[in-house]
Amino acid sequence: IIWLIRFILIQNRAGKTRLAKWYMQFDDDEKQKLIEEVHAVVTVRDAKHTNFVEFRNFKIIYRRYAGLYFCICVDVTDNNLAYLEGIHNFVEVLNEYFHNVCELDLVFNFYKVYTVVDEMFLAGEIRETSQTKVLKQLLMLQSLE
Amino acid sequence: MPAVSKGDGMRGLAVFISDIRNCKSKEAEIKRINKELANIRSKFKGDKALDGYSKKKYVCKLLFIFLLGHDIDFGHMEAVNLLSSNKYTEKQIGYLFISVLVNSNSELIRLINNAIKNDLSSRNPTFMCLALHCIANVGSREMAEAFASEIPRILVAGDTMDSVKQSAALCLLRLYKTSPDLVLMGEWTSRVVHLLNDQHMGVVTAAISLITCLSQKNPDEFKTCVSLAVSRLSRIVSSASTDLQDYTYYFVPAPWLSCKLLRLLQCYPPPEDGAVKGRLVECLETILNKAQEPPKSKKVQHSNAKNAILFEAISLIIHYDSEPNLLVRACNQLGQFLQHRETNLRYLALESMCTLASSEFSHEAVKTHIETVINALKTERDVSVRQRAADLLYAMCDRSNAKQIVAEMLSYLETADYSIREEMVLKVAILAEKYAVDYSWYVDTILNLIRIAGDYVSEEVWYRVIQIVINRDDVQGYAAKTVFEALQAPACHENMVKVGGYILGEFGNLIAGDPRSSPLVQFNLLHSKFHLCSVPTRALLLSAYIKFINLFPETKATIQEVLRCDSQIRNSDVELQQRAVEYLKLSSIASTDVLATVLEEMPPFPERESSILAKLKKKKGPGAVSVTELEDNKREGGELNGGGDRGPDTAAMAASNASTPSPSADLLGIRSAAPVGAPPASTGSLLVDVFSEAGPAAPSAAVNDDGFLRDLEQPTETSDSLLVEGSGDSDSAPPSEDPAPPLSEADELLNKFVCKNNGVLFENQLLQIGIKSEYRQNLGRMYLFYGNKTSVQFASFTTTVSCPGDLQSQLNVQTKPVEPLVEGGAQIQQVLNIECLTDFSDAPLLNIKFRYGGALQNLTLKLPVTINKFFQPTEMSSHDFFQRWKQLSQPQQEAQKIFKANHSMDTEVLKAKLLGLGTALLDNVDPNPENYVCAGVIQTKSQQVGCLLRLEPNAQAQMYRLTLRCSKDSVSRRLCELLAQQF
């Protein structure tokens with residue numbers, strides 16, 4: 001059993017990457033290829049499709065929020081629904097933190113998004129799931145100089 | 001509370017980002033970026049020391065530029081400087097830059113590590129977390145070396161803050177994954193396991209990932225985690241939906257933690273302690289019960305979270321495969337999901353049921369859902385759901401429903417997505433064969449398969465139908481009749497022509513009594529397809545024609561005429577031309593008796609593994625669990641390791657390990673070993689697979705083969721004169737009498753033979769050296785075959801075997817001189833007798849000298865005599881193995897190497913190599929089923945050396961860790977060196 005997220009991607013419909021977090025070593029060309037492939041695989045699917053799609057030897061669990069696709073790449077044996085809700089939990093935190101998050105928040109505050117990710121996912125694993133705890137920590141960090 | 005505003009805190013950054021966003025073209029963007037880069041460069045180079053804020057801003061801008069996809073080649077030093085700031089925001093940007101941009105950059109890593117060290121010892125939880133996150137994100141070996149021993153201390157220290165513990169646990173996990181040899185839990189083990197009891201659920205959530213990973217590698221040391229996990233799970237499952245406050249997600253208590261706990265339990269067999277087990281079963285029942293309760297919320301988040309736990313619980317139930325009651329309940333629950341309106345649930349239910357189908361307890365229960373699954377195959381909109389439905393049908397198939405399932409799959413094939421057709425074809429072919437009671441059904445099915453999806457029918461499939469028809473005389477007449485009918489269609493797939501040609505050539509006589517399929521009608525029908533076919537098919541048809549001449553003398557004149565026409569006998573394709581000429585000649589000069597002998601009906605094929613199944617396994621690739629292979633071997637390898645059966649490799653392994661043949665598998669022969677001494681299928685000829693393995697037991701077949709294959713199998717002899725110049729430099733060099741130094745590739749050549757005894761050792765344009773060798777105890781015999789590849793004689797051919805240095809006293813090699821003349825195209829043989837006196841590391845040298853034309857050739861090779869050749873395999877139980885392993889615990893007795901995989905990591909390949917090594921490959925010994933352990937004794941004249949080997953592949957990192965423990969340390973080292981080249 002490998003419980004391990006390979007990468008997390010946030011992309012918009014046009015394929016612009018809003019966050020790429022890698023938990024495995026890939027070289028830059030490989031990363032670019034993965035980003036393009038994920039976009040191609042995910043954007044062709046419609047609402048009637050599942051939120052899971054086989055991808056190379058892994059699978060992508062994804063969910064679309066407005067124009068943004070949140071994608072998590074995991075091992076094929078991993079728990080689909082746990083990650084699907086993991087995404088939602090993350091989005092709710094972003095929404096609270098940025099007060100009605102929109103794509104632009106992720107652009108202008110990209111360096112803060114990384115902090116949010118690290119609070120919730122670390123080393124390819126789920127680190128913290130409590131929204132209250134994560135937000136409390138984020139606000140504490142926000143108050144620091 | 002105030003929302004974070006755009007670019008909050010760094011106005012310059014926000015302005016820059018806005019500028020970039022406003023760029024109308026890529027060129028404009030690049031221009032703007034270059035301007036900014038120039039600005040930042042000048043600031044960094046300027047005399048004025050930048051304040052922390054500016055440094056942070058510029059580093060952040062560089063990061064943004066990098067994330068846009070541009071290269072950044074400066075600023076690293078400034079980022080490192082930020083690490084030592086005592087302001088959080090500056091430190092954070094510094095760490096972020098390093099996590100994203102620095103990949104073990106050797107220059108900076110010392111400075112970075114220094115800053116991390118300071119932060120780790122700062123006792124400031126915020127700084128500690130930043131440092132830990134940086135380690136977890138970069139995870140380089142240098143960091144592991146620096147911090148792997150420090151982090152466990154932070155993790156278990158009483159005064160460490162909860163959030164730091166969370167980060168430390170996962171940080172350690174990351175280091176363990178990249179450098180397992182550096183992370184030694186040892187004394188911390190028990191305290192780490194007890195983190196499962198921690199009051200803070202976040203700490204448990206993080207720590208459990210670490211514990212799970214460590215448990216997989218060292219299940220025994222961590223087995224106390226089972227009872228702790230059960231009691232934690234029990235507390236969560238029985239808590240009310242609001243008890244856990246922060247950790248309740250849409251009325252579901254701690255869904256992620258529950259999943260992780262259930263996952264951890266899948267690393268172990270069912271708890272032995274009755275009380276623990278009882279409590280766990282209770283939890284699982286509660287989870288199943290909750291699935292039936294009315295939802296506490298209509299939100300999809302609620303049901304998803306609840307079902308995430310449910311599916312994980314079902315995985316555990318399947319993993320245990322010992323509670324019939326739970327298995328059947330799980331199956332019923334999944335059955336409900338099959339008709340759920342959520343596509344996700346239907347998909348997951350199909351997927352999960354696939355594994356349930358392989359349990360004897362739930363197989364029947366799964367089968368009751370056949371209609372729903374067939375319906376899913378027909379109506380689902382998402383191809384991946386249809387794919388899962390097809391997988392499930394395949395998994396639930398048995399004798400009772402095979403006809404229905406195969407029929408449904410065939411009809412689905414007509415409209416199936418291109419992406420899954422090939423796999424579907426293989427599955428249909430396998431099921432049809434596996435569950436054929438009457439073979440006319442099998443033949444019909446395969447012919448239908450060719451008709452419907454001919455393009456996707458691989459060679460394996462049509463070879464197989466021919467093998468089966470040849471081997472079963474009760475179906476031959478039917479097969480002939482059916483292919484004859486199938487060939488009536490104006491447009492047939494070429495694969496149909498192949499099968500038709502072959503079968504009619506063998507068994508056309510069985511339907512020749514009917515005037516509608518008289519010999520001439522049959523021939524004309526086949527020949528009407530001839531011109532549209534590719535060369536290999538035409539070649540096959542020509543063979544069918546000559547068989548017709550034998551079966552039906554009345555067709556002789558017609559067929560001879562066809563063979564004689566220019567388009568055959570002068571065909572530009574050599575193969576076709578040769579066949580036409582040979583067959584024509586054969587039919588004219590051979591007597592009827594001779595013809596009848598030469599063209600006799602094909603003898604039965606030896607029973608052997610279906611090549612189709614092998615192909616399907618290969619196609620499924622890692623990840624996809626193909627269940628039927630597991631069906632009869634369930635749990636054979638799974639008991640110890642827990643959870644291992646989720647992986648495809650173990651599935652394949654289990655299938656090939658099983659020694660008891662199961663009745664249902666007879667036909668496929670998957671469980672019967674490949675025939676001993678079966679010749680390796682030669683490549684290059686289409687006909688080989690069907691024709692060649694008739695083997696030596698069937699001389700008439702051998703004769704048959706000759707005409708077909710001769711020119712493909714014999715080495716071509718036309719390659720003589722062109723290559724002479726290749727050795728030009730030895731012309732000018734004075735003929736030296738000293739043996740040449742070993743070739744630069746001598747070691748490489750040697751390495752090729754570590755795991756095998758026979759093959760071609762060396763080949764250049766003049767000479768080929770083949771080797772066959774056998775070893776027993778401390779003795780060996782090696783046959784060397786020197787082949788002259790040219791048409792010119794080799795003169796003064798001499799070979800010398802020598803044992804340099806110490807080897808002289810370690811190895812005794814005896815041989816006789818060879819004949820000094822080797823004619824062009826000829827091969828001579830030399831026998832070496834080898835005795836191993838004591839263990840050795842070097843290889844004996846073989847020097848070869850001869851004159852070719854005027855030039856002296858002089859070359860030296862290493863003979864592939866390696867210490868492992870003197871292995872005697874030793875079988876032992878897991879207990880014995882680990883006992884001996886522990887006995888060999890002196891540091892110098894162990895040799896270890898961690899190295900990148902250079903070759904395929906495929907299970908079967910690895911096993912073949914390990915067996916070739918000469919040791920016994922031990923099953924069910926290593927708790928981790930991915931690992932390989934071997935044992936053997938090296939026999940030398942003076943002593944015996946016991947050796948234990950452990951090979952731990954890490955497919956994800958494409959790495960291996962190889963450990964050897966031998967009773968003699970020089971042997972450990974040498975074996976380790978040799979073997980590290982093999983994988």
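Numbered from 1 within each chain, the chains take letters A, B, ... in sequence-line order.
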Heavy-atom contact with chain A under 4.5 Å, split by part of [X]:
X: B:Leu68; value: neither
X: B:Ile93; value: side chain
X: B:His200; value: side chain
X: B:Ser163; value: both
X: B:Ile135; value: neither

Would you please say whether a donor-acceptor pair under 3.5 Å links the side chains of [X] and [Y]?
X: B:Tyr88; Y: A:Gln142; result: no
X: A:Arg127; Y: B:Thr205; result: no
X: B:Tyr249; Y: A:Glu85; result: yes

Is it the case that the side chain of [X] and the backbone of [Y] share a donor-acceptor pair, with hydrogens and angles ignored and the cut-off at 3.5 Å?
X: B:Trp256; Y: A:Ala82; value: yes
X: B:Asn304; Y: A:Leu81; value: no
X: B:Gln92; Y: A:Tyr111; value: yes
X: A:Lys133; Y: B:Tyr247; value: no
X: B:Asp246; Y: A:Ser130; value: no

As an exercise, state the distance from [atom1] of [X] to [atom2] of [Y], rounded to the nearest 0.5 Å.
X: A:Thr115; Y: B:Tyr95; atom1: OG1; atom2: OH; answer: 13.5 Å
X: B:Glu90; Y: A:Leu144; atom1: CD; atom2: CG; answer: 12.0 Å
X: A:Thr50; Y: B:Arg346; atom1: OG1; atom2: CZ; answer: 10.0 Å
X: B:Gln301; Y: A:Leu84; atom1: CD; atom2: CG; answer: 8.5 Å
X: A:Asp118; Y: B:Asn137; atom1: CG; atom2: CG; answer: 4.5 Å
X: A:Met24; Y: B:Lys177; atom1: CE; atom2: NZ; answer: 10.5 Å

Self-check item: Test side chain to side chain contact (heavy atoms under 4.5 Å, CB included) applied to B:Ser209 and A:Ile126, step by step
Solution: CA-CA 8 Å; B:Ser209 297; A:Ile126 294 176; over 6 Å; no
Exercise. Please indicate whether B:Met161 has more than 12 foreign heavy atoms, meaning atoms of other residues, nucleotides or ligands, lying under 6.0 Å from its CE.
Key: no
Please look at [X] and chain B and tell me whether the side chain, the backbone, both or neither of the residue comes under 4.5 angstrom of a heavy atom of that chain.
X: A:Glu92; value: side chain
X: A:Asn80; value: side chain
X: A:Lys21; value: side chain
X: A:Val107; value: both

Quiz item: Which heavy atom of B:His133 sits nearest a heavy atom of A:Leu122, and at what distance?
Solution: CD2-CD2, 3.5 Å
Practice problem: Return the option, out of B:Leu348, B:Thr178, B:Asn307, B:Thr126, with the maximum number of heavy-atom pairs under 4.5 Å with chain A. | Solution: B:Leu348
Quiz item: What option among B:Val203, B:Leu170, B:Val300 has the most heavy-atom pairs under 4.5 Å with chain A?
Solution: B:Leu170
Practice problem: Would you sort out whether A:Lys48 and B:Glu380 count as a salt bridge (Lys or Arg N to Asp or Glu O under 4.0 Å), showing the intermediate values? | Solution: CA-CA 10 Å; A:Lys48 289 272 181 207; B:Glu380 284 289 352; over 6 Å; no
If you count heavy-atom pairs within less than 4.5 Å of chain B, which of [options] leads?
options: A:Gln137, A:Gln32, A:Gln131, A:Arg45; answer: A:Arg45
options: A:Phe58, A:Trp22, A:Tyr23, A:Phe52; answer: A:Phe52
options: A:Arg63, A:Glu119, A:Met140, A:Lys59; answer: A:Arg63

Quiz item: With the threshold set at 4.0 Å, does a side-chain nitrogen-carboxylate oxygen contact exist between B:Arg388 and A:Glu54?
Solution: yes
Exercise. Applying salt bridge (Lys or Arg N to Asp or Glu O under 4.0 Å), run through A:Asp46 and B:Arg381 and close with a yes or a no.
Key: CA-CA 10 Å; A:Asp46 67 32; B:Arg381 279 187 47 188; 2.6 Å; yes
Quiz item: Going through the checks in order, is the side chain to side chain contact (heavy atoms under 4.5 Å, CB included) test met by B:Gln245 and A:Thr132?
Solution: CA-CA 9 Å; B:Gln245 291 171 3; A:Thr132 324; over 6 Å; no
Quiz item: Is the shortest heavy-atom distance from the side chain of B:Tyr347 to the side chain of A:His49 under 4.5 Å?
Solution: no
Self-check item: Minimum side-chain heavy-atom gap A:Leu4-B:Gln956 below 4.5 Å
Solution: yes
Exercise. Go through the steps for B:Leu210 and A:Glu125 under the test side chain to side chain contact (heavy atoms under 4.5 Å, CB included), then give the verdict.
Key: CA-CA 9 Å; B:Leu210 174 66; A:Glu125 301 279 339; over 6 Å; no
Exercise. Could you please spell out the steps behind the side chain to side chain contact (heavy atoms under 4.5 Å, CB included) verdict for A:Phe108 and B:Leu13?
Key: CA-CA 8 Å; A:Phe108 281 93; B:Leu13 176 69; over 6 Å; no
